[in-house]
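When a residue number appears, it is its place in the shown sequence, counting from 1. Model, not experiment: these values are computed from the prediction. In each ligand, atom 1 is the first atom listed, and ligand 1 is the first ligand listed.
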Amino acid sequence: MRIAVVGSGYVGLVTGACFADLGHEVVLVDNDEKKIVALRNGEVPIHERFLPELLARHRGQRIKFSADLQAATRESEVVFIAVGTPPTESGDADLSYVESVAREISGGVDEYKVVVEKSTVPVYTSQWIRTIIIRDGADPALFDVASNPEFLREGTAVTDFLYPDRIVVGVESERAAEVMRQLYGPLTSGWYYGRGEAIPRPEAAKTPPRLIVTSTKSAELIKHASNAFLAMKISFINAVASICESVGANVEQVSDGIGTDSRIGSRFMNPGIGYGGSCFPKDLMAFRAVAKESGYDFRLLEEVIRINEEQRHRFLRKVRSVLWTFRGKRLGVLGLAFKGGTDDIRESPALLLVQELLREGCHICAYDPAAMERAKEVLKSGVEFAADAYEAATGADALLILTEWEEFAALDLERLRTLVKYPIVLDGRNLYDPAVMVEHGFSYYSVGRAAALTEETTARTLAKKKERA
Ligand code: UGA
(Lines give C-alpha, C1' and ligand atoms only; values in the text may rest on other atoms or scores of the structure.)
Protein backbone atom coordinates (compact mmCIF):
# COMPACT_ATOMS: atom_id res chain seq x y z
CA MET A 1 0.00 0.00 0.00
CA ARG A 2 1.05 3.63 -0.44
CA ILE A 3 1.44 5.43 2.88
CA ALA A 4 2.39 8.94 3.96
CA VAL A 5 3.73 9.47 7.47
CA VAL A 6 3.68 13.10 8.60
CA GLY A 7 6.30 14.02 11.19
CA SER A 8 9.80 12.57 11.12
CA GLY A 9 10.22 12.53 14.88
CA TYR A 10 10.65 9.42 16.92
CA VAL A 11 7.20 7.89 16.26
CA GLY A 12 7.06 8.91 12.59
CA LEU A 13 10.51 7.60 11.73
CA VAL A 14 9.96 4.24 13.39
CA THR A 15 6.47 3.88 11.91
CA GLY A 16 7.68 4.77 8.41
CA ALA A 17 10.71 2.49 8.54
CA CYS A 18 8.70 -0.46 9.88
CA PHE A 19 5.87 -0.11 7.34
CA ALA A 20 8.52 -0.11 4.60
CA ASP A 21 9.86 -3.36 6.07
CA LEU A 22 6.34 -4.81 5.86
CA GLY A 23 6.43 -4.16 2.11
CA HIS A 24 4.54 -0.86 1.88
CA GLU A 25 5.64 2.21 -0.11
CA VAL A 26 6.27 4.99 2.41
CA VAL A 27 6.78 8.72 2.02
CA LEU A 28 7.94 10.42 5.20
CA VAL A 29 6.90 14.07 5.32
CA ASP A 30 8.33 16.86 7.43
CA ASN A 31 8.15 20.63 7.01
CA ASP A 32 11.71 20.97 8.29
CA GLU A 33 13.71 20.89 5.04
CA LYS A 34 16.99 20.42 6.93
CA LYS A 35 15.67 17.22 8.51
CA ILE A 36 14.56 15.94 5.12
CA VAL A 37 17.97 16.62 3.58
CA ALA A 38 19.73 14.93 6.51
CA LEU A 39 17.49 11.86 6.23
CA ARG A 40 18.02 11.67 2.48
CA ASN A 41 21.78 11.83 3.12
CA GLY A 42 21.59 8.79 5.35
CA GLU A 43 21.64 10.44 8.77
CA VAL A 44 19.68 8.78 11.57
CA PRO A 45 18.64 11.51 14.02
CA ILE A 46 17.69 9.29 16.97
CA HIS A 47 19.36 6.44 18.83
CA GLU A 48 17.06 3.48 18.23
CA ARG A 49 18.05 -0.15 17.81
CA PHE A 50 17.52 -1.55 14.26
CA LEU A 51 16.39 1.83 12.90
CA PRO A 52 19.66 2.51 11.03
CA GLU A 53 19.43 -0.96 9.43
CA LEU A 54 15.83 -0.44 8.32
CA LEU A 55 16.48 3.04 6.92
CA ALA A 56 19.56 1.80 5.07
CA ARG A 57 17.55 -1.14 3.69
CA HIS A 58 14.68 0.96 2.32
CA ARG A 59 15.99 4.51 1.82
CA GLY A 60 15.37 5.76 -1.73
CA GLN A 61 13.41 2.59 -2.54
CA ARG A 62 10.42 1.81 -0.36
CA ILE A 63 10.96 4.87 1.84
CA LYS A 64 11.21 8.40 0.47
CA PHE A 65 11.40 11.78 2.18
CA SER A 66 9.46 14.88 1.23
CA ALA A 67 8.44 18.32 2.50
CA ASP A 68 5.34 18.45 0.29
CA LEU A 69 2.43 17.18 2.37
CA GLN A 70 -0.33 17.78 -0.18
CA ALA A 71 1.53 15.89 -2.91
CA ALA A 72 2.29 13.06 -0.46
CA THR A 73 -1.40 12.92 0.53
CA ARG A 74 -2.51 12.71 -3.11
CA GLU A 75 -0.12 9.81 -3.72
CA SER A 76 -1.19 7.86 -0.61
CA GLU A 77 -4.06 5.63 0.44
CA VAL A 78 -3.31 6.10 4.12
CA VAL A 79 -1.91 9.22 5.80
CA PHE A 80 -0.50 8.92 9.32
CA ILE A 81 -0.28 12.01 11.51
CA ALA A 82 2.71 11.57 13.82
CA VAL A 83 3.54 15.14 14.82
CA GLY A 84 4.26 16.39 18.33
CA THR A 85 1.55 17.11 20.90
CA PRO A 86 3.53 18.96 23.58
CA PRO A 87 1.89 19.89 26.90
CA THR A 88 0.53 23.40 27.40
CA GLU A 89 0.99 25.34 30.66
CA SER A 90 -2.16 23.76 32.08
CA GLY A 91 -1.10 20.20 31.23
CA ASP A 92 -3.44 19.43 28.34
CA ALA A 93 -2.00 18.55 24.93
CA ASP A 94 -1.28 21.32 22.42
CA LEU A 95 -2.98 20.09 19.25
CA SER A 96 -2.10 23.00 16.99
CA TYR A 97 0.43 20.95 14.97
CA VAL A 98 -2.17 18.23 14.43
CA GLU A 99 -4.66 20.88 13.30
CA SER A 100 -2.33 22.51 10.79
CA VAL A 101 -1.40 19.09 9.35
CA ALA A 102 -5.13 18.24 9.02
CA ARG A 103 -5.65 21.53 7.15
CA GLU A 104 -2.96 20.71 4.62
CA ILE A 105 -4.10 17.14 4.19
CA SER A 106 -7.52 18.50 3.24
CA GLY A 107 -6.14 19.95 0.00
CA GLY A 108 -4.76 16.55 -1.06
CA VAL A 109 -7.93 14.48 -0.54
CA ASP A 110 -8.79 13.72 -4.17
CA GLU A 111 -9.83 10.06 -3.81
CA TYR A 112 -10.70 7.82 -0.83
CA LYS A 113 -8.09 7.92 1.97
CA VAL A 114 -7.83 7.01 5.59
CA VAL A 115 -6.25 9.68 7.76
CA VAL A 116 -4.81 8.04 10.87
CA GLU A 117 -3.86 9.75 14.10
CA LYS A 118 -0.74 8.13 15.52
CA SER A 119 0.31 10.94 17.87
CA THR A 120 -0.92 10.53 21.44
CA VAL A 121 -3.99 12.69 21.59
CA PRO A 122 -7.00 13.25 23.83
CA VAL A 123 -10.39 11.73 23.16
CA TYR A 124 -12.40 13.61 20.49
CA THR A 125 -9.27 14.50 18.46
CA SER A 126 -10.25 12.28 15.55
CA GLN A 127 -13.63 14.01 15.38
CA TRP A 128 -11.86 17.36 15.29
CA ILE A 129 -9.50 16.18 12.55
CA ARG A 130 -12.52 15.17 10.48
CA THR A 131 -14.23 18.51 11.09
CA ILE A 132 -11.11 20.47 10.11
CA ILE A 133 -10.51 18.46 6.93
CA ILE A 134 -14.15 18.99 5.86
CA ARG A 135 -14.06 22.68 6.87
CA ASP A 136 -11.06 23.13 4.58
CA GLY A 137 -12.96 21.83 1.61
CA ALA A 138 -12.49 18.06 1.36
CA ASP A 139 -15.43 15.87 0.33
CA PRO A 140 -16.64 13.99 3.48
CA ALA A 141 -17.27 10.86 1.38
CA LEU A 142 -13.63 10.73 0.28
CA PHE A 143 -11.99 10.09 3.60
CA ASP A 144 -12.27 8.52 7.05
CA VAL A 145 -10.33 9.30 10.17
CA ALA A 146 -8.93 6.43 12.25
CA SER A 147 -7.05 6.30 15.52
CA ASN A 148 -4.12 3.89 15.73
CA PRO A 149 -2.25 4.54 18.98
CA GLU A 150 1.36 3.45 19.23
CA PHE A 151 2.71 1.48 22.17
CA LEU A 152 6.38 1.83 21.29
CA ARG A 153 9.00 2.17 23.98
CA GLU A 154 12.10 4.14 23.20
CA GLY A 155 15.08 1.85 22.75
CA THR A 156 12.93 -1.09 21.64
CA ALA A 157 10.58 0.84 19.36
CA VAL A 158 11.31 -1.16 16.20
CA THR A 159 10.72 -4.56 17.79
CA ASP A 160 7.70 -3.17 19.69
CA PHE A 161 6.24 -2.17 16.32
CA LEU A 162 6.99 -5.41 14.53
CA TYR A 163 6.22 -7.77 17.43
CA PRO A 164 3.40 -5.96 19.26
CA ASP A 165 1.24 -7.41 22.05
CA ARG A 166 -1.73 -6.04 20.13
CA ILE A 167 -2.60 -3.53 17.43
CA VAL A 168 -5.42 -1.12 18.30
CA VAL A 169 -7.38 0.45 15.49
CA GLY A 170 -10.23 2.88 16.18
CA VAL A 171 -12.56 3.49 13.23
CA GLU A 172 -16.02 4.78 12.42
CA SER A 173 -16.60 2.82 9.20
CA GLU A 174 -16.10 -0.74 7.95
CA ARG A 175 -14.29 0.66 4.90
CA ALA A 176 -11.62 2.28 7.09
CA ALA A 177 -11.39 -0.89 9.22
CA GLU A 178 -10.68 -2.93 6.09
CA VAL A 179 -7.90 -0.56 4.97
CA MET A 180 -6.28 -0.80 8.40
CA ARG A 181 -6.58 -4.61 8.42
CA GLN A 182 -4.82 -4.73 5.05
CA LEU A 183 -2.12 -2.38 6.25
CA TYR A 184 -1.25 -4.58 9.21
CA GLY A 185 -1.93 -7.80 7.27
CA PRO A 186 1.79 -8.69 7.00
CA LEU A 187 1.90 -8.89 10.82
CA THR A 188 -1.55 -10.30 11.63
CA SER A 189 -1.27 -13.03 8.98
CA GLY A 190 2.19 -13.99 10.26
CA TRP A 191 3.76 -13.38 6.80
CA TYR A 192 6.43 -11.05 8.14
CA TYR A 193 7.61 -13.52 10.78
CA GLY A 194 8.44 -16.15 8.18
CA ARG A 195 10.82 -13.90 6.26
CA GLY A 196 14.54 -14.49 6.50
CA GLU A 197 15.15 -10.73 6.52
CA ALA A 198 12.76 -10.01 9.41
CA ILE A 199 14.13 -8.05 12.36
CA PRO A 200 14.92 -10.66 15.03
CA ARG A 201 12.09 -11.72 17.31
CA PRO A 202 12.36 -10.63 20.97
CA GLU A 203 12.29 -13.57 23.37
CA ALA A 204 8.84 -13.03 24.88
CA ALA A 205 7.08 -12.09 21.62
CA LYS A 206 3.89 -13.95 20.78
CA THR A 207 2.98 -13.91 17.12
CA PRO A 208 0.87 -13.19 15.21
CA PRO A 209 -0.56 -10.23 17.11
CA ARG A 210 -4.26 -9.60 17.58
CA LEU A 211 -5.80 -6.60 15.84
CA ILE A 212 -8.39 -4.97 18.08
CA VAL A 213 -10.95 -2.86 16.27
CA THR A 214 -12.75 -0.25 18.38
CA SER A 215 -14.44 3.12 17.97
CA THR A 216 -12.08 6.07 17.55
CA LYS A 217 -12.93 7.41 21.03
CA SER A 218 -12.17 4.05 22.65
CA ALA A 219 -8.83 3.84 20.82
CA GLU A 220 -7.91 7.33 22.01
CA LEU A 221 -8.75 6.37 25.58
CA ILE A 222 -6.86 3.06 25.33
CA LYS A 223 -3.63 4.94 24.71
CA HIS A 224 -3.94 7.35 27.63
CA ALA A 225 -5.28 4.69 29.99
CA SER A 226 -2.45 2.26 29.08
CA ASN A 227 0.27 4.77 29.85
CA ALA A 228 -1.48 5.90 33.03
CA PHE A 229 -1.82 2.29 34.20
CA LEU A 230 1.86 1.53 33.55
CA ALA A 231 2.93 4.69 35.39
CA MET A 232 0.63 3.68 38.24
CA LYS A 233 2.33 0.27 38.43
CA ILE A 234 5.71 1.97 38.75
CA SER A 235 4.50 4.40 41.42
CA PHE A 236 2.81 1.55 43.25
CA ILE A 237 5.98 -0.50 43.51
CA ASN A 238 7.97 2.62 44.42
CA ALA A 239 5.56 3.28 47.29
CA VAL A 240 5.89 -0.36 48.40
CA ALA A 241 9.69 0.02 48.19
CA SER A 242 9.52 2.91 50.65
CA ILE A 243 7.59 0.75 53.11
CA CYS A 244 10.12 -2.06 52.57
CA GLU A 245 12.91 0.32 53.55
CA SER A 246 11.07 1.32 56.72
CA VAL A 247 10.32 -2.20 57.91
CA GLY A 248 13.47 -3.94 56.63
CA ALA A 249 11.80 -6.01 53.91
CA ASN A 250 13.23 -6.56 50.42
CA VAL A 251 11.26 -5.03 47.53
CA GLU A 252 12.72 -7.49 45.00
CA GLN A 253 11.18 -10.36 46.95
CA VAL A 254 7.91 -8.50 47.41
CA SER A 255 7.72 -7.53 43.74
CA ASP A 256 8.46 -11.11 42.70
CA GLY A 257 5.78 -12.37 45.05
CA ILE A 258 3.20 -9.93 43.72
CA GLY A 259 4.17 -10.10 40.06
CA THR A 260 3.88 -13.87 39.74
CA ASP A 261 0.12 -13.49 40.17
CA SER A 262 -0.83 -13.55 36.50
CA ARG A 263 -3.57 -11.00 37.17
CA ILE A 264 -0.87 -8.52 38.20
CA GLY A 265 2.19 -9.47 36.14
CA SER A 266 5.83 -8.82 36.90
CA ARG A 267 6.66 -6.26 34.20
CA PHE A 268 6.92 -2.56 35.03
CA MET A 269 7.38 -3.47 38.66
CA ASN A 270 11.00 -2.33 39.02
CA PRO A 271 11.40 0.30 41.71
CA GLY A 272 13.85 3.12 41.13
CA ILE A 273 14.15 6.89 41.06
CA GLY A 274 10.82 7.30 39.25
CA TYR A 275 9.64 7.27 35.67
CA GLY A 276 10.58 9.98 33.16
CA GLY A 277 10.66 10.41 29.40
CA SER A 278 8.59 12.23 26.86
CA CYS A 279 5.47 10.09 27.39
CA PHE A 280 4.45 9.15 30.92
CA PRO A 281 4.82 12.59 32.57
CA LYS A 282 3.10 14.35 29.65
CA ASP A 283 0.39 11.73 29.11
CA LEU A 284 -0.56 11.56 32.78
CA MET A 285 -1.08 15.31 32.87
CA ALA A 286 -3.02 15.19 29.61
CA PHE A 287 -5.22 12.30 30.79
CA ARG A 288 -5.93 14.13 34.04
CA ALA A 289 -6.96 17.18 31.97
CA VAL A 290 -9.16 15.03 29.71
CA ALA A 291 -10.84 13.46 32.75
CA LYS A 292 -11.44 16.85 34.34
CA GLU A 293 -12.99 18.20 31.17
CA SER A 294 -15.31 15.21 31.00
CA GLY A 295 -16.42 15.90 34.58
CA TYR A 296 -14.35 13.24 36.36
CA ASP A 297 -11.82 14.20 39.00
CA PHE A 298 -9.15 11.49 38.49
CA ARG A 299 -7.28 12.04 41.75
CA LEU A 300 -5.54 8.69 41.52
CA LEU A 301 -3.41 10.14 38.71
CA GLU A 302 -2.35 13.07 40.90
CA GLU A 303 -1.13 10.60 43.50
CA VAL A 304 0.79 8.62 40.87
CA ILE A 305 2.56 11.83 39.85
CA ARG A 306 3.21 12.85 43.47
CA ILE A 307 4.75 9.47 44.38
CA ASN A 308 6.93 9.67 41.28
CA GLU A 309 8.37 13.04 42.26
CA GLU A 310 8.79 12.02 45.88
CA GLN A 311 10.82 9.01 44.75
CA ARG A 312 13.53 11.27 43.33
CA HIS A 313 13.62 13.47 46.43
CA ARG A 314 13.86 10.34 48.57
CA PHE A 315 16.90 9.16 46.65
CA LEU A 316 18.53 12.55 47.08
CA ARG A 317 17.92 12.35 50.84
CA LYS A 318 19.53 8.92 50.79
CA VAL A 319 22.63 10.29 49.07
CA ARG A 320 22.79 13.06 51.65
CA SER A 321 22.41 10.65 54.54
CA VAL A 322 25.40 8.68 53.25
CA LEU A 323 27.65 11.61 52.29
CA TRP A 324 26.61 13.97 55.09
CA THR A 325 27.58 17.20 53.26
CA PHE A 326 27.53 17.87 49.53
CA ARG A 327 29.69 20.92 48.87
CA GLY A 328 32.91 20.01 47.08
CA LYS A 329 32.19 16.26 46.96
CA ARG A 330 33.11 14.47 43.77
CA LEU A 331 30.38 12.13 42.57
CA GLY A 332 30.64 9.64 39.75
CA VAL A 333 27.32 9.40 37.92
CA LEU A 334 26.37 6.50 35.65
CA GLY A 335 23.43 7.37 33.44
CA LEU A 336 21.78 10.55 32.23
CA ALA A 337 19.12 9.20 29.84
CA PHE A 338 15.59 8.74 31.22
CA LYS A 339 16.06 4.98 30.86
CA GLY A 340 18.54 2.54 29.32
CA GLY A 341 18.84 2.07 25.57
CA THR A 342 18.06 5.64 24.52
CA ASP A 343 19.78 9.01 24.17
CA ASP A 344 16.61 10.82 25.28
CA ILE A 345 16.97 13.04 28.34
CA ARG A 346 13.48 14.52 28.35
CA GLU A 347 12.09 14.53 31.92
CA SER A 348 14.96 12.26 32.88
CA PRO A 349 14.98 11.64 36.64
CA ALA A 350 18.75 11.04 36.34
CA LEU A 351 19.30 14.47 34.83
CA LEU A 352 17.01 16.16 37.36
CA LEU A 353 19.01 14.54 40.18
CA VAL A 354 22.31 15.67 38.66
CA GLN A 355 20.98 19.23 38.44
CA GLU A 356 19.92 19.09 42.09
CA LEU A 357 23.35 17.77 43.16
CA LEU A 358 25.06 20.54 41.19
CA ARG A 359 22.93 23.14 42.96
CA GLU A 360 24.11 21.62 46.24
CA GLY A 361 27.73 22.22 45.21
CA CYS A 362 28.81 18.71 44.20
CA HIS A 363 31.25 18.13 41.41
CA ILE A 364 29.93 15.53 38.97
CA CYS A 365 31.80 13.24 36.61
CA ALA A 366 29.14 11.61 34.44
CA TYR A 367 29.00 8.88 31.84
CA ASP A 368 26.14 7.72 29.65
CA PRO A 369 26.58 5.43 26.63
CA ALA A 370 24.28 7.53 24.41
CA ALA A 371 22.90 10.65 26.09
CA MET A 372 26.01 12.73 26.78
CA GLU A 373 25.78 14.95 23.71
CA ARG A 374 22.21 15.90 24.60
CA ALA A 375 23.07 16.31 28.27
CA LYS A 376 25.93 18.67 27.41
CA GLU A 377 23.41 21.11 25.97
CA VAL A 378 21.65 21.27 29.34
CA LEU A 379 24.45 20.79 31.89
CA LYS A 380 26.76 23.70 31.36
CA SER A 381 29.09 23.86 34.37
CA GLY A 382 30.25 21.69 37.25
CA VAL A 383 30.09 18.52 35.17
CA GLU A 384 32.87 16.55 33.55
CA PHE A 385 31.91 13.93 30.98
CA ALA A 386 33.83 10.68 31.14
CA ALA A 387 34.79 8.30 28.34
CA ASP A 388 33.43 5.29 30.22
CA ALA A 389 31.99 4.16 33.54
CA TYR A 390 35.44 3.56 35.06
CA GLU A 391 36.64 7.06 34.29
CA ALA A 392 33.46 8.47 35.86
CA ALA A 393 34.16 6.46 39.02
CA THR A 394 37.81 7.50 39.32
CA GLY A 395 38.48 9.42 42.51
CA ALA A 396 34.76 9.55 43.41
CA ASP A 397 33.54 10.08 46.96
CA ALA A 398 30.60 7.94 45.86
CA LEU A 399 29.30 6.38 42.67
CA LEU A 400 25.64 6.90 41.70
CA ILE A 401 23.82 4.62 39.26
CA LEU A 402 20.89 6.56 37.81
CA THR A 403 19.93 4.86 34.51
CA GLU A 404 19.26 1.16 33.92
CA TRP A 405 21.73 0.62 31.05
CA GLU A 406 22.62 -3.05 30.66
CA GLU A 407 26.33 -2.28 30.66
CA PHE A 408 26.06 -0.68 34.12
CA ALA A 409 24.82 -4.00 35.47
CA ALA A 410 27.98 -5.76 34.24
CA LEU A 411 30.82 -3.63 35.58
CA ASP A 412 34.16 -5.13 36.57
CA LEU A 413 33.69 -4.61 40.30
CA GLU A 414 37.32 -5.44 41.19
CA ARG A 415 38.55 -2.75 38.86
CA LEU A 416 35.91 -0.30 40.04
CA ARG A 417 36.96 -0.82 43.64
CA THR A 418 40.53 0.26 42.89
CA LEU A 419 39.39 3.46 41.14
CA VAL A 420 36.95 5.10 43.57
CA LYS A 421 38.13 7.22 46.48
CA TYR A 422 35.55 5.63 48.82
CA PRO A 423 33.86 2.33 48.00
CA ILE A 424 30.33 3.66 48.19
CA VAL A 425 27.71 2.91 45.53
CA LEU A 426 24.20 4.41 45.57
CA ASP A 427 22.14 2.52 43.03
CA GLY A 428 18.87 4.17 42.00
CA ARG A 429 18.01 1.25 39.70
CA ASN A 430 18.75 -1.85 41.80
CA LEU A 431 21.15 -3.30 39.23
CA TYR A 432 23.23 -5.32 41.71
CA ASP A 433 22.82 -7.98 44.34
CA PRO A 434 23.76 -6.28 47.64
CA ALA A 435 25.66 -9.39 48.83
CA VAL A 436 27.84 -9.33 45.70
CA MET A 437 28.64 -5.66 46.20
CA VAL A 438 29.71 -6.26 49.78
CA GLU A 439 31.87 -9.21 48.68
CA HIS A 440 33.66 -6.78 46.38
CA GLY A 441 34.24 -4.32 49.19
CA PHE A 442 31.49 -1.80 48.48
CA SER A 443 28.97 -0.24 50.77
CA TYR A 444 25.87 -0.46 48.67
CA TYR A 445 22.62 1.47 48.95
CA SER A 446 19.69 0.71 46.66
CA VAL A 447 15.91 1.22 46.55
CA GLY A 448 13.58 -0.75 48.82
CA ARG A 449 16.34 -3.01 50.11
CA ALA A 450 18.46 -2.76 53.24
CA ALA A 451 21.81 -1.02 52.81
CA ALA A 452 24.68 -3.50 52.56
CA LEU A 453 27.70 -2.18 54.37
CA THR A 454 31.22 -3.53 54.08
CA GLU A 455 33.04 -4.22 57.28
CA GLU A 456 35.76 -1.90 56.09
CA THR A 457 33.37 1.00 55.80
CA THR A 458 31.69 0.11 59.07
CA ALA A 459 35.08 -0.08 60.77
CA ARG A 460 36.11 3.26 59.30
CA THR A 461 32.82 4.84 60.36
CA LEU A 462 33.21 3.52 63.90
CA ALA A 463 36.81 4.74 64.09
CA LYS A 464 35.71 8.16 62.92
CA LYS A 465 32.86 8.21 65.44
CA LYS A 466 35.35 7.35 68.23
CA GLU A 467 37.68 10.07 67.03
CA ARG A 468 34.86 12.60 67.17
CA ALA A 469 33.80 11.46 70.64
C1 UGA B 1 6.19 4.43 27.28
C2 UGA B 1 5.32 3.16 27.18
O3 UGA B 1 5.98 2.07 27.82
C4 UGA B 1 5.03 2.80 25.72
O5 UGA B 1 4.15 1.69 25.67
C6 UGA B 1 4.38 4.00 25.03
O7 UGA B 1 4.14 3.76 23.65
C8 UGA B 1 5.30 5.20 25.14
O9 UGA B 1 5.53 5.47 26.55
C10 UGA B 1 4.63 6.37 24.48
O11 UGA B 1 3.56 6.79 24.93
O12 UGA B 1 5.10 6.81 23.42
P13 UGA B 1 8.81 4.95 27.04
O14 UGA B 1 8.47 6.32 27.54
O15 UGA B 1 9.68 4.82 25.85
O16 UGA B 1 7.46 4.13 26.70
O17 UGA B 1 9.57 4.19 28.22
P18 UGA B 1 9.24 3.05 29.25
O19 UGA B 1 10.04 1.86 28.93
O20 UGA B 1 7.80 2.87 29.45
O21 UGA B 1 9.85 3.70 30.58
C22 UGA B 1 9.33 4.91 31.12
C23 UGA B 1 9.99 5.28 32.42
O24 UGA B 1 9.61 4.37 33.44
C25 UGA B 1 11.52 5.23 32.38
O26 UGA B 1 12.03 6.37 33.06
C27 UGA B 1 11.88 3.96 33.12
O28 UGA B 1 13.13 4.03 33.74
C29 UGA B 1 10.75 3.89 34.13
N30 UGA B 1 10.45 2.51 34.60
C31 UGA B 1 9.98 1.57 33.74
C32 UGA B 1 10.62 2.20 35.94
O33 UGA B 1 11.05 3.05 36.76
N34 UGA B 1 10.30 0.93 36.36
C35 UGA B 1 9.83 -0.01 35.53
O36 UGA B 1 9.56 -1.14 35.98
C37 UGA B 1 9.67 0.31 34.19
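Within the 4.0 Å heavy-atom criterion, both parts of Glu150, backbone and side chain, lie near ligand 1. Contact annotation for Ile237 and ligand 1: no heavy atom of the residue comes within less than 4.0 Å of the ligand. Of the heavy atoms in Thr403, none comes closer than 4.0 Å to ligand 1.
Nearest to atom 35 (C) of ligand 1 among the protein's heavy atoms is Asn270 O, 3.7 Å. In terms of protein heavy-atom proximity, atom 5 (O) of ligand 1 is closest to Phe151 O, 3.3 Å. Among protein heavy atoms, atom 30 (N) of ligand 1 sits closest to Ile234 CD1, 3.4 Å. Given atom 4 (C) of ligand 1, the protein heavy atom at minimum distance is Leu152 O, 3.4 Å.
For ligand 1, the atoms lying closer than 4.0 Å to a non-hydrogen atom of Glu404 are 27 (C), 28 (O). Close contacts of ligand 1 with Asn227, meaning ligand atoms under 4.0 Å from a residue heavy atom, involve 2 (C), 6 (C), 9 (O), 10 (C), 11 (O). Listed by atom number, the atoms of ligand 1 under 4.0 Å from Tyr275 heavy atoms are 23 (C), 24 (O), 26 (O), 29 (C). For ligand 1, the atoms lying closer than 4.0 Å to a non-hydrogen atom of Cys279 are 8 (C), 9 (O), 10 (C), 11 (O), 12 (O), 14 (O). In the vicinity of Phe280, heavy-atom distances shorter than 4.0 Å reach the ligand 1 atoms 1 (C), 2 (C), 3 (O), 9 (O), 20 (O), 22 (C).
Ion pairing between Glu347 and Lys282 fails under the 4.0 Å rule for side-chain N and carboxylate O.
Looking at Arg320, Arg317, Lys329 one by one, the single match for salt bridge (charged side-chain N to carboxylate O under 4.0 Å, His left out) with Glu360 turns out to be Arg320.
At least one N/O-N/O distance between Phe338 and ligand 1 falls below 3.5 Å. The N/O atoms of Glu154, backbone and side chain alike, include one that comes under 3.5 Å of an N/O atom in ligand 1. An N or O contact shorter than 3.5 Å links Arg429 to ligand 1 by distance. For a threshold of 3.5 Å applied to N or O pairs, the pair formed by Lys339 and ligand 1 contains at least one separation below that value. Taking only nitrogen or oxygen atoms, main chain and side chain alike, Gly276 reaches within less than 3.5 Å of ligand 1.
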What verdict does the side chain to side chain donor-acceptor pair (under 3.5 Å) test give for Glu356 and His313, after you've listed the backbone C-alpha separation in whole Å, the side-chain angles of each residue and the deciding distance to 0.1 Å? CA-CA 9 Å; Glu356 192 60 39; His313 301 312; over 6 Å; no

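Arg449 and Ser446 share a side-chain donor-acceptor pair at under 3.5 Å. Side-chain atoms of His363 and Glu384 form a donor-acceptor pair, as typed in the model, at a separation below 3.5 Å.
Counting non-hydrogen atoms of other residues, nucleotides and ligands closer than 6.0 Å to OH of Tyr97 gives a total of 12 or fewer. Other residues, nucleotides and ligands contribute at most 12 non-hydrogen atoms within 6.0 Å of the CZ atom of Arg49.
Stacking of Arg346 on the aromatic ring of Phe338 is not recorded, the 6.0 Å distance cut-off and the 45° axial limit not both being met. Geometrically, Lys292 does not engage Phe298 in a cation-pi contact, judged by NZ or CZ lying under 6.0 Å from the ring centre and within 45° of the ring axis.
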